[in-house]
Amino acid sequence: MEANNSRDKANRLVEAMGRLIVMMQEVNDTCLRLSEDISKKELMIVSYVGDNGKVIMREIANYMKIPVSTTTGLVDKLVQKNYLQRQYSESDRRSISIVLDELGVQTHRMMSDMKSEMANKILNDLEDYEANNFINMLEKVTNNLHKYLPFG
């Protein structure tokens, strides 16, 4: 009986997570449609730079889990399209930071607004303590996945 209960819980979890992932993907797909001139990887870079402010190429490469040479090509395209810009250090011209440009700021704001709206809808019917418990549990689950799964 306990094995069936455990299997039922696992199935419910997988189904609920699957629906949540689909909804989150719809937010990203909407952003891609509205920013039709950039790819999914480029959108991820805009999101990362927007979330982190000034970054260097190595940080983007580590986040994306791609070589710096590939990152450079993607950033070059985003600079040409006015989503990103390079900032050179006054004291060391070899030091280059990447920041959002005008279109990048607009795109990041749109993505952030859509994600916030989705989060608010998820938490809307929960009491404060339920919302805090839910968030704490998601953080624990995420940490566990990072520890135990090969892609973490």
Would you kindly confirm whether M64 and Y83 end up in one hydrophobic cluster when ILVMFWY residues are joined by side chain heavy atoms under 4.5 Å apart? yes
Intermediate values then yes/no, side chain to side chain contact (heavy atoms under 4.5 Å, CB included), V55 and V99: CA-CA 7 Å; V55 297; V99 296; over 6 Å; no
Set of salt bridge (charged side-chain N to carboxylate O under 4.0 Å, His left out) partners for D29, sequence neighbours left out: none
side-chain contact (heavy atoms from CB on, under 4.5 Å) against R12, all qualifying residues, sequence neighbours excluded: none
Salt-bridge test for D76 and R86: reply yes if a basic N is under 4.0 Å from a carboxylate O, no otherwise. yes
Less than 3.5 Å apart, which donor and acceptor atoms pair up between the side chains of residues 125-133 and the rest of the protein, not counting sequence neighbours?
residue : atom : partner : partner atom : Å
E130    : OE1  : E127    : N            : 2.7
N132    : ND2  : D128    : O            : 3.3
N133    : ND2  : Y129    : O            : 3.3

Separation of Q85 CD from L103 CG (nearest 0.5 Å): 11.5 Å
Give me each pair satisfying salt bridge (Lys or Arg N to Asp or Glu O under 4.0 Å) with a member in residues 54-64, each pair once, sequence neighbours excluded. none
Can M118 and V27 be said to form a side chain to side chain contact (heavy atoms under 4.5 Å, CB included), step by step? CA-CA 8 Å; M118 178 189 222; V27 169; 4.0 Å; yes
So, does N143 use its side chain to make a donor-acceptor pair with the main chain of E139 at under 3.5 Å? yes
Looking only at non-hydrogen atoms, find the nearest pair between A61 and V68 and report the distance. CB-CG2, 3.8 Å
Would you please name every residue forming a side-chain contact (heavy atoms from CB on, under 4.5 Å) with E90, sequence neighbours left out? none
Around M24, counting heavy atoms of other residues, nucleotides and ligands shown, do more than 12 lie under 6.0 Å from its CE? no
Any ring-ring contact (aromatic ring centres under 6.0 Å, His included) pairs touching residues 7-32, not counting sequence neighbours? none
Qualifying residue for side-chain contact (heavy atoms from CB on, under 4.5 Å) with I98, from V75, I56, N52: V75
Test of understanding: with side chain to side chain donor-acceptor pair (under 3.5 Å), list the residues that count as partners of T30, not counting sequence neighbours. R33
Polar side-chain atom of T70 near backbone of I66 as donor-acceptor pair, under 3.5 Å: no
Any side-chain hydrogen bond (donor to acceptor under 3.5 Å, both in side chains) involving residues 103-114? Give me the pairs, sequence neighbours left out, ordered by first then second residue. D51-H108
According to side-chain contact (heavy atoms from CB on, under 4.5 Å), who are the partners of M17, at least two apart in sequence or on a separate chain? L13
Using the test side-chain contact (heavy atoms from CB on, under 4.5 Å), find all partners of K40 that sit at least two apart in sequence or belong to another chain. Q25, L32
Would a 4.5 Å heavy-atom cut-off, applied to side chains only, mark F134 and I122 as touching? yes
The criterion is side chain to side chain donor-acceptor pair (under 3.5 Å); which residues satisfy it with K121, sequence neighbours excluded? E117
CE-OG distance between M57 and S97, expressed to the nearest 0.5 angstrom: 10.0 Å
List the atom pairs, donor and acceptor, that lie under 3.5 Å between side-chain atoms in residues 42-49 and the rest of the protein, sequence neighbours left out.
residue : atom : partner : partner atom : Å
E42     : OE1  : S39     : N            : 2.8
E42     : OE1  : K81     : NZ           : 3.4

